[in-house]
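What you see below is based on every heavy atom in this structure, not just the backbone, and it leaves out hydrogens, waters and symmetry mates. All residue numbers in this chain count up from 1 along the given sequence. Order of appearance sets the numbers: ligands from 1, and atoms from 1 within every ligand. Just so it is clear, the structure is predicted and the values come from calculations on it, not from any experiment.
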Amino acid sequence: MTSPMTSQSIPRIIIVGAGFGGLNAAQALAHLPVEIVVIDRQNFHTFQPLLYQVATAGLSPGEIAAPIRSILRSHKNIAVFMAEVAGFDLARRVVKTSDSEIPYDYLIVAAGAAHSYFGHDEWEPYAPGLKTIEDALEIRRRVLLAFELAERQAASGEPATPLNFVVVGGGPTGVELAGTLAEISRHALAHEFRSIDPARTHILLLEGGPRVLPAYAEDLSRSAQEQLNRLGVEVRTSAIVTQIEPGAVDVGNTRFPATVILWAAGVAASALGQRLGARIDRAGRVLVEPDLSLPGHPEVFVIGDLAALKDEHGKMLPGVAPVAIQEGRFVAKVIREEINSQTRPPAFHYWDKGSLATIGRAAAVAQFGRIHISGFIAWLSWLFVHILFLIGFRNRLLVFIQWAWSYVTYERGARLITGSTYLPGWASDQPPAPQHPAESDAVHPL
Ligand SMILES: Cc1cc2nc3c(=O)[nH]c(=O)nc-3n(C[C@H](O)[C@H](O)[C@H](O)COP(=O)(O)OP(=O)(O)OC[C@H]3O[C@@H](n4cnc5c(N)ncnc54)[C@H](O)[C@@H]3O)c2cc1C
């Protein structure tokens, strides 16, 4: 691929990453006399807050993702390229992909974050994390496959292997995964098996710190734990995982059997941050100036999960969608003012409108400043906010209908097992583990 545009007359802005930050920056810049190039390694934007619904078969991938091209199609000055950005040459002002170098006048890097296994990458094949649509489908596959394997084993007269699902990490993702798994096993699947009782599935949530949802107020953490317990989830706090193997999770000397292990414990910023040559923090986030620019490079901005910036109280801004959205819009404003009047707003301020975490059906917690809500009302607020912010009207309407239907019927319509039928750690006559089970498309007969 050669450089796609060569016009020198108007500034070219390259945006790396079409997540919440990148898309909002692109949309806010689109009305300026500029060329915008959006580069993403995928051709779709993922609404990550609803990934757990895909992982637990409540929604299908197309209901929480939308093609980047179609989101941006009305802006004639935006070109979209599907490409993996490999690095940058800040001195020459070019972005490097595997087969091209694209020059820019302004650069916005919004490449997000990935899983972190705290130096134990060998755990990943046994404990997938939830960050992408592919991750969600792999988790869905393992969860549903576990029930199928157990049913077949029990039907053949073998002693049934108890089903144990272990979720590592008690942040919002771990809490929503554990709560929803409990709901599925106790309701959605309860009457569909003949030889096993899915309601007997044991769901264990392990949190290394002293409480779940550590970013929330203590009363909401307590409430979240109680709501999890009511759904049938066993919660263990101060439980630091020391080893993960196929079929088992260790916390110190205690070993927990695990049919399916899910990782929701750590995130690290995209490796692209390191390629900018600036200082990064322990999580790989780029330490940016108050206006989100790169030190020494006022024409380069880093936003969203990849940026490390503290608020006016010295507290690090969290890796959540509203931060990325507001940062994307702010950076667009900086560029607009510089182009129009040669001035720049000095600093980004995050407007925290509150936090919501869902736990399961009619179970959630919400924190709006000093107002703390739990249970059904919090869940309704969560539902409203998440449907409101879904990209694309078609998705919003479909998702709403889908949810309303599953609320009434407990049905989870996307219960498809696709790809491999290998489950790491399952004791019976499984085929040998492929090198990368998540990527394998070989179908092994049961
Ligand atoms: C399971 C889950 C649940 C969440 N729930 C919530 C929630 O309920 N509420 C909330 O506020 N936040 C939630 N978050 C966090 C929120 O999704 C993130 O804070 C937000 O997506 C960050 O936006 P971003 O633009 O920085 O990055 P992202 O939205 O992650 O986008 C990054 C983009 O960059 C692209 N990219 C990465 N590397 C490259 C490369 N080398 N070349 C080209 N493209 C690249 C990716 O494909 C992606 O499209 C959740 C996150 C997860 C994973």
Any idea which part of Ala111 is under 4.0 Å from ligand 1, heavy-atom wise: side chain, backbone, both or neither?
-> both

Closest approach of any protein heavy atom to atom 23 (O) of ligand 1, naming residue and atom = Ala324 CB, 3.5 Å

Does Leu272 approach ligand 1 within less than 4.0 angstrom via side chain, backbone, both or neither, non-hydrogen atoms only?
-> side chain

Distance-only donor-acceptor check, side chains Asp99 and Thr97, under 3.5 Å = yes

closest protein heavy atom to atom 44 (N) of ligand 1 is Arg41 N, 3.1 Å

Geometric N/O contact Ala113 with ligand 1, under 3.5 angstrom = no

Less than 3.5 Å between some nitrogen or oxygen of Leu306 and one of ligand 1, yes or no?
-> no

Looking only at protein heavy atoms, what sits closest to atom 53 (C) of ligand 1 is Leu130 O, 3.4 Å

Would Pro172 count as a contact of ligand 1 if the rule is a heavy atom under 4.0 Å away?
-> no

Tell me, which protein residue and heavy-atom name are nearest atom 27 (O) of ligand 1, and how many Å apart are they?
-> Gly112 CA, 3.3 Å

Would you mind running through ligand 1 and noting each atom that sits below 4.0 Å from a heavy atom of Thr173?
-> 1 (C), 2 (C), 3 (C)

Atom indices of ligand 1, in the order listed, that fall short of 4.0 Å to a heavy atom of Gly319 | 15 (C), 19 (O)

Test log, rule salt bridge (charged side-chain N to carboxylate O under 4.0 Å, His left out), inputs Lys315 and Asp311 | CA-CA 5 Å; Lys315 202 171 149 217; Asp311 66 14; 5.8 Å; no

Is a side-chain N or O of Ser374 found less than 3.5 angstrom from the main chain of Ser223, in a donor-acceptor match?
-> no

shortest atom 13 (C) of ligand 1-to-protein heavy-atom contact is with Pro49 CG, 3.9 Å

Considering distance alone, does some N or O of Val320 sit under 3.5 Å from an N or O of ligand 1?
-> yes

Closest non-hydrogen protein atom to atom 50 (C) of ligand 1, residue and atom name please, with distance?
-> Gln48 CB, 4.2 Å

Taking the six-membered ring for Trp and the single ring otherwise, decide whether the centroids of His372 and Tyr216 are under 6.0 Å apart.
-> no

Would you check if there is a donor-acceptor pair between the side chains of Arg412 and Thr56 at a distance under 3.5 Å?
-> yes

Which heavy atom of the protein is the closest neighbour of atom 47 (O) of ligand 1, given with residue, atom name and distance?
-> Asp40 OD1, 2.7 Å

Top protein contact for atom 11 (O) of ligand 1, by heavy-atom distance | Ala321 N, 2.9 Å

For His45 and ligand 1, answer yes if some heavy atom of the residue is under 4.0 Å from a ligand atom, otherwise no.
-> no

Polar-atom distance check: Asp305 versus ligand 1, any N or O pair below 3.5 Å?
-> yes

Check: Glu84 N/O within less than 3.5 Å of ligand 1 N/O = yes

Proximity to ligand 1 by part of Ala83, non-hydrogen separation under 4.0 Å = backbone

His386 heavy atoms, cut-off 4.0 Å: which ligand 1 atoms fall inside?
-> 8 (O)

With a 4.0 Å cut-off, strictly under, does atom 29 (O) of ligand 1 pick up any protein heavy atom?
-> yes

